[in-house]
Amino acid sequence: MTTTDLEIIKALAEEGNMRKAAERLFLSQPALSQRLQSIEKEWGTLLFIRSQKGLETTSAGELVVAYANETITRKEETFEQIASMADKVHGTLKIACASIVGQTWLPKVLKEFVAHYPDAKISLMTGWSSEIVQALYNGDAHVGIVRGQVDWKSRKTYLFRDRLYLVDHEITSIDELQETDRPFIQFKSDSNYYMEIQRWWQRHFAQKPGRQITVDQIETCKQLALNGIGYAILPSITLTGEEPVNRVPLLNNEEEFELTRDTWLIGYESSFALKQVDAFAQIVQSHAEKNQKDSDL
């Protein structure tokens, strides 16, 4: 089978739909159907059957799909190994990044990386920090960018720290939270961040917030707060400083310091031996240092 045939098998299995697979492969449906017939003829069996749900993989097809995936992955790994021996930075850079960082800080980093290394490819996944760690364990990413306290035994590089703020149109001090009837807008996040906020609240108040709104994305949480629906606790990385709202830093009454959130670059040492990963790490470190200087001003 050719590389293109392997990619066709992979796309059909992942999409489960002839039209979507054709769009992904930049082929017409008739052309894709004809290629599939040729591939099945070569294997001497049906690999997919059409049903009301779309394309379903046959038992024989599952074996061929596994073969295709393993072959494609092995080819990519071989290219990466060859690339690491050459002076030119290319190959695929696989990044797993905490969603907040991926939406706010990382795009500027990737813009510089792409400008410096146009031959490199980028594969980016975002999620909670716990999901990032799992992606590294599974070999789905070369490097991860995580938030908060993460137990990682291999390379772990500190990037920057951002403050946590209470954001609201009306509330101007933490003390007002004891009497306000305004809803507390929260976003779903990894358990570390959630517990950090819960511990802070318990240290300051004898009872939980009276009214709460929970959303699934931090950007939705931010927009609700900016539109005056309630108050939210947001990390400074999500704020430009020009929003028309009050920003009240979260302080620890016992120790009198601002509550903060750290960001880290993590990965296995073997991954940093790849040129595209090493180049990315250097650009990340440069931006992190600039970010911290701007924060200190």
Side-chain angles (χ1 to χ4, degrees), residues 92-116 120-136 140-150 152 157-168 184-197 213-227 229-245 247 249-250 259-267 277 280-281 283-295:
T92 300
L93 170 65
K94 294 184 287 188
I95 310 167
C97 181
S99 296
I100 293 176
V101 180
Q103 294 167 3
T104 57
W105 184 76
L106 186 62
K108 294 179 181 179
V109 176
L110 292 181
K111 180 179 180 180
E112 181 175 341
F113 180 83
V114 170
H116 280 79
K121 297 179 181 178
I122 297 173
S123 172
L124 172 64
M125 65 160 284
T126 60
W128 293 349
S129 292
S130 55
E131 295 173 328
I132 306 309
V133 172
Q134 191 62 48
L136 291 174
D140 296 329
H142 292 129
V143 290
I145 298 177
V146 295
R147 303 270 287 170
Q149 296 302 316
V150 176
W152 185 257
T157 304
Y158 172 78
L159 296 182
F160 57 85
R161 172 172 295 167
D162 54 314
R163 301 173 176 87
L164 297 182
Y165 288 98
L166 185 146
V167 176
D168 188 52
F184 180 19
I185 308 168
Q186 302 183 74
F187 62 94
K188 293 179 181 178
S189 64
D190 62 83
S191 58
N192 286 339
Y193 183 84
Y194 178 79
M195 291 303 298
E196 191 173 346
I197 299 301
I213 298 175
T214 303
V215 298
D216 62 349
Q217 295 289 335
I218 190 171
E219 184 60 28
T220 305
C221 177
K222 174 182 174 181
Q223 291 303 321
L224 291 180
L226 293 183
N227 281 277
I229 295 174
Y231 64 92
I233 293 177
L234 299 172
S236 56
I237 192 175
T238 66
L239 302 168
T240 65
E242 299 178 357
E243 293 87 358
V245 291
R247 297 199 312 168
L250 267 62
L259 204 60
T260 57
R261 189 78 165 154
D262 292 333
T263 299
W264 306 82
L265 177 71
I266 63 174
V277 177
F280 174 72
I283 292 178
V284 164
Q285 193 65 46
S286 174
H287 277 260
E289 292 172 359
K290 181 179 183 301
N291 187 82
Q292 198 60 50
K293 288 180 181 178
D294 292 343
S295 178

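Here, residue 1 is the first one in the sequence, and each next residue gets the next number.
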| message | For the backbone of Gly148 and the side chain of Asp262, can you confirm whether one donor and one acceptor N or O come within less than 3.5 Å of each other? | response | no

| field | Side-chain donor-acceptor pair present, Arg163, Ser236, cut-off under 3.5 Å | value | no

| request: For residues Asp162 and Arg147, report the shortest heavy-atom separation together with the two atoms involved. | output: OD1-NH1, 2.9 Å

| query | Which pair of heavy atoms, one from Leu234 and one from Cys221, lies closest together, and at what distance? | reply | CD2-SG, 4.1 Å

| task | Find the distance between CD1 (Ile218) and CZ (Phe187) and round it off to the nearest 0.5 Å. | result | 3.5 Å

| query | Distance-only, no hydrogens or angles: does the Thr126 side chain make a donor-acceptor pair with backbone N or O of Cys97 under 3.5 Å? | reply | no

| query | Are His142 and Ile95 side-chain neighbours, meaning at least one heavy-atom pair lies under 4.5 Å? | reply | no

| field | Close side-chain approach of Val146 and Trp152, heavy atoms under 4.5 Å | value | no

| field | Residues forming a ring pair (Phe, Tyr, Trp, His ring centres under 6.0 Å) with Phe184, sequence neighbours excluded | value | Trp201, Tyr231

| said: Using the side chain to side chain contact (heavy atoms under 4.5 Å, CB included) criterion, which residues pair with Val114? Sequence neighbours excluded. | reply: Ile122

| Can you check whether Ile237's main-chain N or O pairs, donor with acceptor, with Trp105's side chain at less than 3.5 Å? | no

| task | Measure the CD1-NE2 distance between Ile283 and His116 for me, rounded to the nearest 0.5 Å. | result | 6.0 Å

| Hey, what do you get for CG (Leu265) to CD1 (Ile145), rounding to the nearest 0.5 Å? | 6.0 Å

| task | Could you grab the distance from atom NE2 of His287 to atom NZ of Lys108, nearest 0.5 Å is fine? | result | 9.0 Å

| Which residues share a salt bridge (charged side-chain N to carboxylate O under 4.0 Å, His left out) with Glu243, sequence neighbours left out | Lys222

| request: Test Leu159 against Gln285 for side-chain contact (heavy atoms from CB on, under 4.5 Å), laying out the working first. | output: CA-CA 7 Å; Leu159 296 182; Gln285 193 65 46; 4.1 Å; yes

| Stepwise side-chain contact (heavy atoms from CB on, under 4.5 Å) test for Asp168 and Val245 | CA-CA 6 Å; Asp168 188 52; Val245 291; over 6 Å; no

| Evaluation steps, side-chain contact (heavy atoms from CB on, under 4.5 Å), between Val143 and Phe280 | CA-CA 9 Å; Val143 290; Phe280 174 72; 3.9 Å; yes

| remark: Here the gap from Tyr165 atom OH to Leu250 atom CG, rounded to the nearest 0.5 Å, amounts to 10.0 Å

| request: First locate atom CG of Leu106, then atom OG of Ser99, and finally report the distance between them rounded to the nearest 0.5 Å. | output: 11.0 Å

| note | For Ser286, the side chain to side chain contact (heavy atoms under 4.5 Å, CB included) test, sequence neighbours excluded, returns none

| task | Could I get the full list of side chain to side chain donor-acceptor pair (under 3.5 Å) partners for Glu131, not counting sequence neighbours? | result | none

| request: With sequence neighbours excluded, tell me which residues meet side chain to side chain contact (heavy atoms under 4.5 Å, CB included) with Asp140. | output: Ala135, Asn138

| request: Check for a donor-acceptor pair, side chain of Thr104 on one end and backbone N or O of Ile100 on the other, with a separation under 3.5 Å. | output: yes

| message | side-chain contact (heavy atoms from CB on, under 4.5 Å) for Leu93 and Ser123? Distances and angles first, verdict last. | response | CA-CA 6 Å; Leu93 170 65; Ser123 172; over 6 Å; no

